[in-house]
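It should be emphasised that the depicted structure is a prediction, and the values quoted were computed from it without experimental measurement.
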Protein chains: 2
Amino acid sequence: MERLIRSTQELLWERGYVGTSPKAIQRAADAGQGSMYHHFAGKAELAKAAIERSGLELRAAAEEQFEEPGTATDRITHYLERERDVLRGCRIGRLTADPDVMGDPELRAPVAETFAWLRSRLAEIVAEGKRKGEYPDRLDAEQTAATIAAVLQGGYVLARAAGSVEPFELAVQGLINLLPEATK
Amino acid sequence: MERLIRSTQELLWERGYVGTSPKAIQRAADAGQGSMYHHFAGKAELAKAAIERSGLELRAAAEEQFEEPGTATDRITHYLERERDVLRGCRIGRLTADPDVMGDPELRAPVAETFAWLRSRLAEIVAEGKRKGEYPDRLDAEQTAATIAAVLQGGYVLARAAGSVEPFELAVQGLINLLPEATK
DNA sequence: GTCTATACCGCGATAGAC
DNA sequence: GTCTATCGCGGTATAGAC
């Protein structure tokens with residue numbers, strides 16, 4: 001049952017919801033048909049569990065960087081430059097392309113919540129940077145937070161399109177260079 | 001045949017490659033089975049034509065903004081703020097999530113080329129801004145170009161996740177505010 | 001060129017045995 | 001709880017008539 005969820009997470013990441021069949025999940029989890037349908041009502045319910053799990057993991061991984069000591073830019077930079085499996089893309093952001101996920105409120109909710117959390121967490125950090133004089137007052141925390149999150153998500157897209165991590169790294173460095181710096 | 005391509009473009013945009021069946025295309029194009037397979041060897045070939053077409057259209061639409069008069073920031077801002085069907089996402093960027101597209105060199109090529117073009121075109125504009133003294137020398141044109149493209153692609157992702165254009169608009173404004181300004 | 005018929009396969013789920 | 005059998009449906013393609 002744990003294996004079913006983990007396998008579903010992997011397959012959703014790689015192939016999305018539409019591209020993932022119950023049979024493929026069972027194969028990957030080394031579980032039988034009966035087992036899967038005993039624990040979960042169907043594909044959607046299993047996907048829901050997997051997406052929620054992935055959302056929690058994303059938050060935990062991000063929070064690790066956010067809690068690092070240092071200035072706001074330090075923490076944001078840590079987060080942006082964290083080691084990532086860039087060419088696999090974002091497990092959550094990916095689902096945004098899936099009409100069956102976006103069309104089902106149960107599946108969509110964890111996706112929406114994950115990004116809502118991420119943006120508000122980033123906004124807190126930017127706001128703190130403003131309070132401490134690291135950033136000018138005119139910098140809008142919500143806007144900047146959205147920009148940071150977007151660069152990551154878009155970086156994945158560009159990298160996958162190019163088949164190379166380069167565009168991702170360029171985009172991230174480009175953003176870091178644009179962030180206001182008190183020290184320069 | 002023209003209708004087949006157009007319908008495929010629409011369906012790929014909405015449902016992706018995996019989620020689009022030949023039958024659905026035929027329905028949308030009001031064409032028969034035989035007609036489709038007469039003109040195209042199969043789903044992949046038709047998709048290739050549709051993706052190439054969408055790539056050309058994306059380039060044409062972007063070039064329209066890039067050719068506007070004004071400073072580099074003006075032109076970039078025009079491009080970023082152009083009216084878009086944000087919640088539908090990017091027709092090309094979307095395909096990046098599709099393993100069957102990324103796995104087929106024929107289908108992947110037009111996706112890769114479109115973004116390669118976009119980034120190099122944006123880099124030219126940034127470079128011109130540097131030459132004209134609008135941007136400082138230390139601004140890296142390729143990095144900044146990647147950042148701009150990423151904000152758009154990521155903005156779509158965030159907007160779709162939220163079910164609202166707001167995050168897209170925040171991300172775009174956040175980026176514009178981060179761009180160096182000679183006039184302020 | 002376009003139509004209809006046909007084929008084979010895998011999807012997603014249910015049923016009932018063990 | 002897990003297994004196997006079975007089901008109806010749609011995906012993707014081919015064949016041959018018109």
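The distance from atom NE2 of A/His38 to atom P of C/dA15 is 16 Å, rounded to the nearest whole Å. Counting to the nearest Å, the P atom of D/dG11 and the OH atom of B/Tyr37 are 11 Å from each other. Rounded to a whole Å, the CZ atom of B/Arg3 is 13 Å from the C1' atom of C/dG1. Rounded to whole Å, the distance from NE2 on B/His39 to C1' on C/dC3 is 13 Å. Atom CD of B/Gln33 is separated from atom C1' of C/dG1 by 15 Å (rounded to the nearest Å). For the pair B/Glu45 CD and D/dT14 C1', the computed distance is 16 Å after rounding to whole Å. In this entry the distance linking NZ of B/Lys43 with P of D/dA13 reads 8 Å, nearest Å. With rounding to whole Å, A/Leu4 atom CG is found 9 Å from D/dT2 atom P.
Each of B/Gly32 and B/Lys23 was assigned the nucleotide of DNA chain C with the nearest heavy atom; the assignment lying further toward the 5' end belongs to B/Gly32.
Look at A/Lys48 and A/Glu106 and you find a salt bridge, because one of the NZ, NE, NH1 or NH2 atoms lies within 4.0 Å of a carboxylate O, short of that distance.
Side-chain contact between A/Tyr79 and A/Glu64 is absent, with no heavy atoms from C-beta onward closer than 4.5 Å.
By the 6.0 Å and 45° rule, B/Lys43 stacks over the aromatic ring of B/Tyr17.
Nearest to the side chain of B/Ser35, among C/dG12, C/dC3, D/dG11, sits C/dC3.
Between the side chains of A/Gln65 and A/Glu81, no donor-acceptor pair of N or O atoms lies under 3.5 Å.
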